[in-house]
Amino acid sequence: VDMRSGSGYFPLVLDSAMSVYAAVARYCRLASSPRLAPVNTGTINITLLGVEVGHEVRYWPTFLELFNVLPDTMTIRLVMVGPELPSGMGGLRHTIHLSNERELIVEMRQESCGDDMELLAGSQVLCALNAGLPAYHAWEKGLRAIKKSGFAGVFLVTDLVEEALFLSRQALVRVFGDTVGKVNINGFRRPDARVRPDGHAMPSC
């Protein structure tokens with residue numbers, strides 16, 4: 001799928017899955033570091049923070065696309081976390097077996113990352129997609145929980161507009177210091193606009 005074309009149905013539903021792929025690929029490149037476990041085989045543990053029912057949760061089967069771009073022997077454990085998940089979805093678990101060595105495990109958790117430190121245990125990749133870090137004050141508690149947990153993997157944050165990303169980076173630097181990377185254009189960004197004028201502190205764009 002050519003995500004760069006900005007046309008067709010696939011870019012609209014695969015932006016989350018392929019953005020996560022970019023974070024996992026970065027983790028794999030960094031895995032030669034002594035502080036990171038190699039993930040060419042075995043299980044990669046991914047946690048999505050602040051998920052929305054209408055996007056990441058609704059299209060969770062699209063994460064099967066990861067099997068087309070990751071090593072053939074890798075199992076994926078995907079934990080979707082969000083305080084806005086309906087109570088009936090909290091604790092749900094789906095397992096899809098692709099072969100004897102490969103499966104996708106999806107878990108739903110109705111909470112914030114600052115509520116339960118065990119939520120981050122074992123995570124190698126954290127993703128906050130279109131998160132609005134500077135817009136929602138609850139993120140500050142979550143970021144400090146990530147820092148306190150000693151998380152040593154890859155933390156990917158995306159947003160819908162450049163201004164929000166620069167403000168997000170400032171929020172990350174206040175917590176994580178100079179370990180925060182620079183702002184880049186997401187090659188798998190969603191090619192449509194979603195304006196949510198209320199419910200947060202950011203101006204509408």
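Computed from a predicted structure; not experimentally measured. Below, all heavy atoms of this structure are taken into account, side chains as well, without hydrogens, waters or symmetry copies.
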| message | By the definition side-chain contact (heavy atoms from CB on, under 4.5 Å), identify the one residue from Met89, Glu84, Glu52 that meets it with Val57. | response | Met89
| task | Please round to the nearest 0.5 Å and tell me the distance separating atom CG of Leu85 and atom CZ of Arg109. | result | 11.0 Å
| remark: Output for pair (Trp139 CH2, Leu172 CG), nearest 0.5 Å, gives 10.0 Å
| Student check: side-chain heavy atoms of Val106 and Val79 closer than 4.5 Å | no
| said: Would a single hydrophobic cluster contain both Val175 and Leu133, if residues Ile, Leu, Val, Met, Phe, Trp and Tyr are joined by side-chain heavy-atom contacts under 4.5 Å? | reply: yes
| Contacts of type side chain to side chain donor-acceptor pair (under 3.5 Å), residue Ser123, not counting sequence neighbours | Thr47
| Does the side chain of Gln110 come within less than 4.5 Å of Ser87's, by heavy atoms? | yes
| query | For Thr43 and Ile76, what are the C-alpha separation, side-chain angles and deciding distance, and is it a side chain to side chain contact (heavy atoms under 4.5 Å, CB included)? | reply | CA-CA 6 Å; Thr43 301; Ile76 299 170; over 6 Å; no
| query | Quick one: CG on Leu49 to CD1 on Ile146, what's the gap to the nearest 0.5 Å? | reply | 5.5 Å
| Heavy-atom side-chain proximity of Arg144 to Lys148 below 4.5 angstrom | no
| query | Looking only at heavy atoms, what is the nearest atom pair of Glu56 and Phe63, with distance? | reply | O-CE1, 4.1 Å
| Taking side chain as C-beta onward, heavy atoms only, is Leu156 less than 4.5 Å from Val125? | no
| field | Atom pair CG (Leu129) and CG (Leu48), whose distance is rounded to the nearest 0.5 Å | value | 6.0 Å
| said: If I take atom CG from residue Leu78 and atom CH2 from residue Trp60, how far apart are they, to the nearest 0.5 angstrom? | reply: 9.5 Å
| request: Check whether Leu70 and Phe67 end up in the same hydrophobic cluster, where Ile, Leu, Val, Met, Phe, Trp and Tyr are linked by side-chain heavy atoms less than 4.5 Å apart. | output: yes
| Members besides Leu165 in its Ile/Leu/Val/Met/Phe/Trp/Tyr cluster (side-chain heavy atoms under 4.5 Å) | Phe166, Val183
| message | Just by distance, no angles: are the side chains of Asp15 and His55 close enough, under 3.5 Å, to form a donor-acceptor pair? | response | yes
| message | For a side chain to side chain contact (heavy atoms under 4.5 Å, CB included) check, start with the C-alpha distance between Thr95 and Leu104, then their side-chain angles and the critical distance, and finish with the verdict. | response | CA-CA 6 Å; Thr95 301; Leu104 173 65; over 6 Å; no
| Cluster check Val180, Leu126: I/L/V/M/F/W/Y, side chain < 4.5 angstrom | yes
| request: Over all heavy atoms of both residues, which pair between Ser168 and Asp159 is shortest? Give the atoms and the distance, please. | output: OG-OD2, 4.0 Å
| Residue pairs involving residues 85-96 (criterion salt bridge (charged side-chain N to carboxylate O under 4.0 Å, His left out); sequence neighbours excluded) | Arg93-Glu107
| For His97, all residues meeting ring pair (Phe, Tyr, Trp, His ring centres under 6.0 Å), sequence neighbours excluded | none
| query | With a 4.5 Å heavy-atom cut-off, do Tyr21 and Arg26 have their side chains touching? | reply | no
| message | Before you tell me yes or no, could you show the steps for Glu103 and Leu98 under side chain to side chain contact (heavy atoms under 4.5 Å, CB included), namely the whole-Å CA-CA distance, both residues' side-chain angles and the distance that decides it to 0.1 Å? | response | CA-CA 5 Å; Glu103 61 183 14; Leu98 277 78; 5.5 Å; no
| Pairing residues for Arg174 by the side chain to side chain contact (heavy atoms under 4.5 Å, CB included) criterion, not counting sequence neighbours | Gln170, Ala171
| Is Met18 linked to Tyr59 within one hydrophobic cluster, defined over Ile, Leu, Val, Met, Phe, Trp and Tyr using a side-chain heavy-atom separation of less than 4.5 Å? | yes
| query | Does Tyr136 belong to the same Ile/Leu/Val/Met/Phe/Trp/Tyr cluster as Leu143, with side-chain heavy atoms less than 4.5 Å apart forming each link? | reply | yes
| request: Output yes when a side-chain donor or acceptor of Ser19 lies under 3.5 Å from a complementary backbone atom of Ser16, and no otherwise. | output: no
| Ring geometry between Phe176 and Phe155 (parallel below 30°, tilted from 30 to 60°, perpendicular above 60°) | perpendicular
| message | In the structure I gave you, are the side-chain heavy atoms of Ile96 and Leu64 within less than 4.5 Å of one another anywhere? | response | yes
| task | Tell me, please, which residues at least two apart from Ala138 pass side chain to side chain contact (heavy atoms under 4.5 Å, CB included). | result | none
| note | Between Val154 and Ala23 the two heavy atoms that sit nearest each other are CG1-O, 3.9 Å
| said: If I take atom CD from residue Gln124 and atom CG from residue Asn45, how far apart are they, to the nearest 0.5 angstrom? | reply: 5.0 Å
